[in-house]
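Numbers restart at 1 for each chain; the letters A, B, ... are given by sequence-line order, proteins then strands. Since the structure is predicted, the reported quantities are computational estimates derived from the model, not experimental observations.
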Amino acid sequence: MAEKSFLSLLTKSKTLKTTKQLHSFLYKNALQNHPLLFSKLLLHCAITITGNGSGEEQPLHYARRLLSHSSPNPPDAFMYNTLIRGLIDFPQIAVNTFMEMRLKPLSSPIDSFTFVFLIKSAANLRCVRNLSSWDILLNGYVKLGEIELAKITFLRMSVKDDVSWSTMIVGFAQNGCFDEAFGFFREIHKLRLKPNEASLSGVLSASAQAGAFEFAKVVHCLIEKSGFVWMVSVCNALLDTYSKCGDLGMARLVFERMLEKKKSVVSWTSMIASLAMHGYGVEAIELFHKMENCGIKPDGVSFISVLYACSHAGLIEEGCKYFSMMRDFDIEPTIEHYGCMVDLYGRAGKLEKAYEFACEMPISPNDIIWRTLLGACSLHGNVKLAEQIKKRLSRFDLDNSSSGDHVLLSNVYASLGKWEDVASVRRSASEQKIKKAPGWSMIEVEKLVYRFMADQKQDEIVKEAYEKLREIMLRLKVEGGYVPEIGNVLHDVEEEEKEDSVSRHSEKLAVAFGIARLREGNVVLRIVKNLRICRDCHVVMKLISKVYGLEIVEGCKSRIAHPLR
DNA sequence: ATAGGGTTAG
């Protein structure tokens, strides 16, 4: 059967009658389960409604019936999307259709297209009457990452319920607008609205990502006081937040306090990931087994976490075992799982194997896979492979994240003292107008967050930090026998200059400021930064811990380092 | 209705 000719007939059909005829033809040829043809048919019906606009409901019912009879397979999101797209002039019906869609079992999940069409049809906002429709609209914008549009819509809404508020908070948290998430949460409090499970989870997730430890603790108090402690997602978010803020002990406590039967896959996986990120790979794996013994089936994310644990603990064989174990659980490996495997081999120095693995993956490798390998090359000083991989990476259309790739390659050269090559990488980077993302570090002092950058404008705070830093470095040299570690500095410059450029790194400033403002009895400093720590800073942190008797916890996105452990 | 966990790098 020529699919194309059928489709062209379908698109040419202008009435419900001819559409129905084509439909029966479809059945006769046993093509009714063909999702594409089916969707086209649906679209056609839907368009017929909007086309004659005379309150003709018949085609709509017909389209609906088609959907409910699309057995033996459940309908997929594509079909519903088509219907919603056809309802562009009937926002209320479109929203109702969406409501129906989310209640039905679908063979493919609701995707961003669903929201694109939904929002388009609801663009004429006067048509949207009830509050839940508005909330769905907000959620649609959030899912599309259009957080500004969501905010505008939210501000225009005359009536808002707690779902509207929590949708916004979660939206901010998911789109990296942490300050806004905090702000909206405070606003809820001011308006004397009760926070709910979602807004609490959302604001905690924002705290976790921003490393806002003090803020998180305030939220935690609120949770304890208002009896939200028994909500699974709130506990999960709390656990994750403590872990990401560097307090593994509290994360553990939250996990252990949860009732055994309340713990979900997410709870277990969060705890496994926390252990892994804090460097307890073996314990993470043990917990994975404990989870299985408790009858909780691991999902895809659980495997990512346990693979992460293996690669960072250097447990190659274990990693391979878990990777193949996924099949027993009917979990199809995704690009993330393959990424973990490449990291597993690469980190352990098996660069050839890692490269081979990446080339033979059934999914075509993304930039992250290659960057993983490039990182491994830099770790093990393999110039040849690094150059090859850099070439592959440059084929990706990367706008902002590519600066790091140049840095990585130049680090490979620098580690071998190939300064001409380092210079040429820098030249090519600057020719392509690639700017390195400036590194920053944050420290929370008495519930206020201070952010430092390497060559910041001097204000009182920065001056205070620099002054303290000078004093600290002197003390480290005298008492700790500090020698600057400058292997990673890119320029081939005089030693003194290298030391100088290293000494201004933002994390040193942040720690210095923390020490300058240290309160009596406080022995922990928490730093959050956007870039990975450099070797020299690592050494300095270790020495500071020793000389000053402090614990320094450095959080860096997904990893937490404890220099003194 | 809205929610919680996850691959790389400077």
Side-chain angles (χ1 to χ4, degrees), chain A residues 98-99 102-103 130-136 138-139 142-143 161-171 173-174 195-205 208 231-241 243-244 264-274 276-277 298-309 311-312 333-344 346-347 365-379 393 398 401-411 429 436-439 488 490 505 529-534 556-559:
Chain A
F98 177 73
M99 301 265 218
R102 53 198 298 151
L103 294 178
N130 57 13
L131 185 55
S132 51
S133 312
W134 282 94
D135 285 339
I136 285 172
L138 285 184
N139 185 239
V142 165
K143 288 270 154 64
D161 62 359
D162 60 327
V163 180
S164 332
W165 282 94
S166 21
T167 302
M168 287 312 294
I169 290 173
V170 168
Q174 288 175 348
N196 58 17
E197 203 169 353
S199 55
L200 283 168
S201 307
V203 81
L204 281 173
S205 160
M231 298 189 155
V232 193
S233 65
V234 172
C235 288
N236 294 342
L238 197 59
L239 186 169
D240 182 53
T241 308
S243 160
K244 294 235 171 80
S264 65
V265 219
V266 178
S267 327
W268 286 95
T269 306
S270 306
M271 198 61 233
I272 292 168
S274 299
M277 288 193 295
D299 64 6
V301 183
S302 318
F303 275 102
I304 292 173
S305 303
V306 79
L307 287 175
Y308 176 98
S311 82
H312 287 259
T334 62
I335 191 104
E336 289 94 340
H337 297 102
Y338 290 108
C340 289
M341 290 308 284
V342 171
D343 191 51
L344 183 80
R347 204 175 282 271
N366 58 6
D367 54 317
I368 295 182
I369 301 276
W370 296 123
R371 201 166 299 123
T372 305
L373 260 175
L374 191 54
C377 291
S378 141
L379 191 65
L393 261 169
L398 307 164
S401 58
S402 61
S403 69
D405 302 339
H406 287 83
V407 176
L408 271 176
L409 184 62
S410 90
N411 276 356
K436 188 175 176 292
N488 261 6
L490 304 185
H505 282 176
K529 44 197 270 83
N530 63 338
L531 303 181
R532 194 63 78 72
I533 191 154
C534 89
C556 168
K557 271 190 176 171
S558 68
R559 205 151 321 173

Distance in angstrom units between [X] [atom1] and [N] [atom2], rounded:
X         : N      : atom1 : atom2 : result
Asp343(A) : dA9(B) : CG    : P     : 6 Å
Asp161(A) : dT2(B) : CG    : C1'   : 9 Å
Gln174(A) : dG5(B) : CD    : P     : 8 Å
Ile272(A) : dG5(B) : CD1   : P     : 15 Å
Asp367(A) : dT7(B) : CG    : P     : 15 Å
Glu197(A) : dA3(B) : CD    : C1'   : 6 Å
Asn139(A) : dA3(B) : CG    : C1'   : 11 Å
Trp370(A) : dT8(B) : CH2   : C1'   : 13 Å

Counting any heavy atom closer than 4.0 Å, what does [X] reach on the DNA or RNA strands: base, sugar-phosphate only, or nothing?
X         : answer
Ser166(A) : base
Ser302(A) : base
Val342(A) : nothing
Thr269(A) : base
Ser267(A) : nothing
Ile335(A) : base

Candidate nucleotides [options], ranked by approach to the side chain of [X] - the nearest:
X         : options                : result
Arg371(A) : dA3(B), dG5(B), dT8(B) : dT8(B)
Val163(A) : dT2(B), dG5(B), dT7(B) : dT2(B)
Ala198(A) : dT7(B), dG4(B), dT2(B) : dT2(B)
Ile368(A) : dG6(B), dG4(B), dT8(B) : dT8(B)
Asn236(A) : dG4(B), dA3(B), dG6(B) : dG4(B)
Glu336(A) : dA9(B), dT2(B), dG6(B) : dG6(B)
Thr372(A) : dG4(B), dT7(B), dT8(B) : dT8(B)

Show your working on side chain to side chain contact (heavy atoms under 4.5 Å, CB included) between Val266(A) and Ser233(A) and close with a plain yes or no.
-> CA-CA 8 Å; Val266(A) 178; Ser233(A) 65; over 6 Å; no
Answer with yes or no whether Ser233(A) presents, from its side chain, a donor or acceptor under 3.5 Å of a partner atom in the base of dG4(B).
-> no
Under the 3.5 Å rule, do the base of dT2(B) and the side chain of Thr167(A) count as making a donor-acceptor pair?
-> no
Phosphate-side-chain proximity, [X] and [N], N/O vs OP1/OP2 below 4.0 Å:
X         : N       : result
His505(A) : dG10(B) : no
Lys244(A) : dG6(B)  : yes
Arg347(A) : dT7(B)  : no

Hey, does the side chain of Ser205(A) reach the backbone of Ser201(A) with a donor-acceptor pair shorter than 3.5 angstrom?
-> no
Verify side chain to side chain contact (heavy atoms under 4.5 Å, CB included) between Val342(A) and Leu373(A), making sure each step is shown before the conclusion.
-> CA-CA 7 Å; Val342(A) 171; Leu373(A) 260 175; 3.7 Å; yes
Side-chain touch Trp268(A)/Ser302(A), heavy atoms, less than 4.5 angstrom = no
Please tell me if the side chains of Asp161(A) and Ser164(A) come closer than 4.5 Å, counting only heavy atoms from C-beta onward.
-> yes
Atom pair CG (Leu307(A)) and NE2 (His312(A)), whose distance is rounded to the nearest 0.5 Å = 10.5 Å
